[in-house]
Amino acid sequence: MKTVIVLGLMNSGSGAIYDCLASRSDFVAPFGSSEFKFCSAPMGLHNLYLNFYNNFSFFNPSNAIEEFLKYSKKYQDHIVYPTYGNGRKLLKKKIYTIIESFIDKISEVSYQGNPEFSNFKINKFEDIFYRITNQKRKFYKIRIPVDKKHFLKESKILIKKIIKNNLENDYVLTNQHIILNQASNIFNPFLSSQYFENNKIIIVTRDPRDIYSSMKNRKSKGSPSYDALLFTKWFKKCFDNDNFKKVLNNKNLLVINYENFLNDFKKENKKICQFLKIKETNKINSNYEKIFDLNKSRESLYKSKKFLSNMEQNIIKKNLKRFLQW
């Protein structure tokens, strides 16, 4: 069994590649057509790892754990919208109990304290309450983590439990491959995917004009979707650097261009199947909520020609010339 992670530049169209694989009967999508960002989110599992081992201090692990617990509590009730107006919880079962157990297993030393930085985490109303009532402030839980090997072992167990909780039965865990959307950090895909067993990574790229067009039409809140010049600066800063070039040139992952995938599906699908070591054709997964439709996906090609002004198109063509795909 493989864990296939599809990553994309923001609004890259990576969902089409994800849907294509998830629609196969030899794959199962534990979280449907929705993204699974439990590891890659700023307060997610990978942030714990970074603050435990790459940015360790006396209190960084404790602060990261506190943020992770807050995030996990809200994540278990997170609502997603596979189709417009049709909301549902991403997770079928509560996970906070197993998260608390996980935190205990990765904490080698735990004690109550009141480090200076914890006073800055108290809001204005709490501060007034403590002053008026003359009560002592609650102690802060301080933790020192276990060694890296133990952390990774417990993290893999945790992720496996979360995935299993979202599956109907155990059969798929041994007879189908797992497919996940945006489950790791595209800028450091291997380190941030070390919590998934036997993982394979596919990265999807797209012409920046269509990326911006998609951002603009969707009024994307996490990107500069309102200014073409600002978008080009953002794009270059994120993707036009040596670190990201190294990512794309890594032979252990597969880079698929969105335009090529839709225009020459047979060739690109063969490339994907060879990379994953799976058959080129397969039965349809009737349990998947969004069956891949190649012709419908092709309707999204070159939308920037229609939705962007000439000025916006020219700004992107001028500033991001080497990233253009057509």
Asker: Does the pair K296 and E299 meet the rule for a salt bridge (Lys or Arg N to Asp or Glu O under 4.0 Å), with working shown?
Answerer: CA-CA 5 Å; K296 188 174 182 180; E299 292 175 5; over 6 Å; no

Asker: Tell me if the aromatic rings of F68 and F38 count as close, with their centers under 6.0 Å from one another.
Answerer: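 When the ring centroids of F68 and F38 are compared, they turn out to be within the sub-6.0 Å range.
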
Asker: Show the nearest heavy-atom pair for residues N285 and I291, with the distance to one decimal.
Answerer: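 Smallest interatomic distance, heavy atoms only, reads O-CD1, 3.6 Å.
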
Asker: For the residue pair R206 and S12, what are the closest heavy atoms and their distance?
Answerer: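 Minimum heavy-atom separation between R206 and S12: CD-O, 3.2 Å.
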
Asker: Using distance alone, with no hydrogens and no angle criterion, decide if Y212 and T232 have a side-chain donor and acceptor under 3.5 Å apart.
Answerer: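 No, no side-chain donor-acceptor pair sits under 3.5 Å.
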
Asker: Quick one: does NZ or CZ of K73 land under 6.0 Å from the six-membered ring centre of Y96, within 45 degrees of the ring axis?
Answerer: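 Satisfied, under 6.0 Å and within 45°.
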
Asker: Tell me the closest heavy-atom pair linking S33 and E289, and the distance in Å.
Answerer: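 Result for this residue pair: N-OE2, 2.7 Å.
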
Asker: Any idea how F31 and F36 line up, ring-wise: parallel (<30°), tilted (30 to 60°), or perpendicular (>60°)?
Answerer: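 Aromatic pair F31/F36 classed parallel.
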
Asker: Side chains of L48 and I65, heavy atoms from C-beta outward: is any pair under 4.5 Å?
Answerer: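 L48 vs I65: side chains touch.
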
Asker: Set out, in order, the CA-CA distance, both residues' side-chain angles and the distance that settles salt bridge (Lys or Arg N to Asp or Glu O under 4.0 Å) for R24 and E280, then state yes or no.
Answerer: CA-CA 10 Å; R24 295 170 53 113; E280 288 182 44; over 6 Å; no

Asker: Can you confirm whether the side chains of N310 and N314 place a donor and an acceptor under 3.5 Å from each other?
Answerer: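 The criterion, which ignores hydrogens and geometry beyond distance, is not satisfied for N314 and N310.
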
Asker: Would you give the length of the straight line joining atom CG of N241 to atom NZ of K236, rounded to the nearest 0.5 angstrom?
Answerer: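 Spacing of CG (N241) from NZ (K236) equals 11.5 Å.
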
Asker: Please determine whether side-chain hydrogen bond (donor to acceptor under 3.5 Å, both in side chains) holds for the pair D210 and S304, giving the CA-CA distance in whole Å, both sets of side-chain angles, and the decisive distance to 0.1 Å.
Answerer: CA-CA 5 Å; D210 287 321; S304 58; 2.9 Å; yes

Asker: Using a 4.5 Å cut-off on heavy atoms from C-beta on, say whether the side chain of E259 contacts that of W326.
Answerer: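 SC-SC contact between W326 and E259 confirmed.
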
Asker: Are F265 and F261 close enough that their ring centres sit under 6.0 Å apart?
Answerer: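 Judged by ring-centre distance (under 6.0 Å), F265 and F261 do meet the cut-off.
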
Asker: Does any donor atom in the side chain of N114 or S118 lie under 3.5 Å from an acceptor atom in the other side chain?
Answerer: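 Yes, a side-chain donor-acceptor pair sits under 3.5 Å.
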
Asker: Whether the T3 and N198 side chains hold a donor-acceptor pair (N or O, under 3.5 Å, no angle test) is what I'd like checked.
Answerer: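 No, N198 and T3 have no side-chain donor paired with an acceptor closer than 3.5 Å.
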
Asker: Please report the C-alpha distance between D26 and K283 in whole Å, then the side-chain angles of each, then the deciding distance to 0.1 Å, and finally whether the salt bridge (Lys or Arg N to Asp or Glu O under 4.0 Å) criterion is met.
Answerer: CA-CA 8 Å; D26 54 349; K283 295 179 181 179; over 6 Å; no

Asker: Measure the shortest side-chain to side-chain distance between Y140 and S62 over non-hydrogen atoms and say whether it is less than 4.5 angstrom.
Answerer: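 With C-beta onward as the side chain, the pair touches.
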
Asker: Among K156, H46, K160, E154, find the residue that satisfies the side chain to side chain donor-acceptor pair (under 3.5 Å) test when tested with Y195.
Answerer: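 Option passing the side chain to side chain donor-acceptor pair (under 3.5 Å) with Y195: H46.
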
Asker: Kindly indicate whether the side chain of V4, heavy atoms from C-beta on, has any atom under 4.5 Å from the side chain of N199.
Answerer: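 V4 does not reach N199 side chain to side chain.
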
Asker: Nearest heavy-atom pair of F59 and P115: which atoms, and what distance?
Answerer: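 Closest heavy-atom pair between F59 and P115: CZ-CB, 3.7 Å.
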
Asker: Do the side chains of D77 and K94 get close enough for a salt bridge, i.e. N-O under 4.0 angstrom?
Answerer: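 Between K94 and D77 there is a salt bridge, with a charged N closer than 4.0 Å to a carboxylate O.
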
Asker: Does any N or O in the side chain of S193 come within less than 3.5 Å of the main-chain N or O of F190, such that one atom is a donor and the other an acceptor?
Answerer: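 A pair under 3.5 Å: yes.
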
Asker: Hey, are E66 and K141 close enough for a salt bridge, meaning a charged N less than 4.0 Å from a carboxylate O?
Answerer: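 Salt bridge between E66 and K141, a charged N being under 4.0 Å from a carboxylate O: no.
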
Asker: Angle between ring planes, Y49 versus F151, binned at 30° and 60°: parallel, tilted or perpendicular?
Answerer: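 Because their plane-to-plane angle lies in the 30° to 60° range, the rings of Y49 and F151 count as tilted.
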
Asker: Passes side chain to side chain contact (heavy atoms under 4.5 Å, CB included), I79 versus K89? Steps please.
Answerer: CA-CA 4 Å; I79 304 295; K89 285 188 176 182; 3.6 Å; yes

Asker: Can you find a heavy atom in the side chain of Y18 that is under 4.5 Å from one in the side chain of V204?
Answerer: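 Of all side-chain heavy-atom pairs linking V204 with Y18, none is under 4.5 Å.
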
Asker: Quick one: closest heavy-atom pair of F196 and A183, and the distance?
Answerer: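 The pair with the smallest heavy-atom distance is CE1-O, 3.7 Å.
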
Asker: Between D240 and R322, is a salt bridge (Lys or Arg N to Asp or Glu O under 4.0 Å) present by the stated rule, with each step listed?
Answerer: CA-CA 10 Å; D240 193 10; R322 80 175 194 84; 3.1 Å; yes

Asker: Please tell me whether F187 and F239 form a close aromatic pair, meaning their ring centres lie under 6.0 Å apart.
Answerer: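 Ring-ring flag for F187/F239: true, centres closer than 6.0 Å.
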
Asker: Using a 3.5 Å distance criterion without hydrogens, assess whether the side chain of Q76 forms a donor-acceptor pair with backbone atoms of I95.
Answerer: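 Present.
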
Asker: Would you name the heavy atoms of R209 and L308 that are closest together and state the gap between them?
Answerer: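 What the structure gives for the nearest pair is O-CD1, 3.5 Å.
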
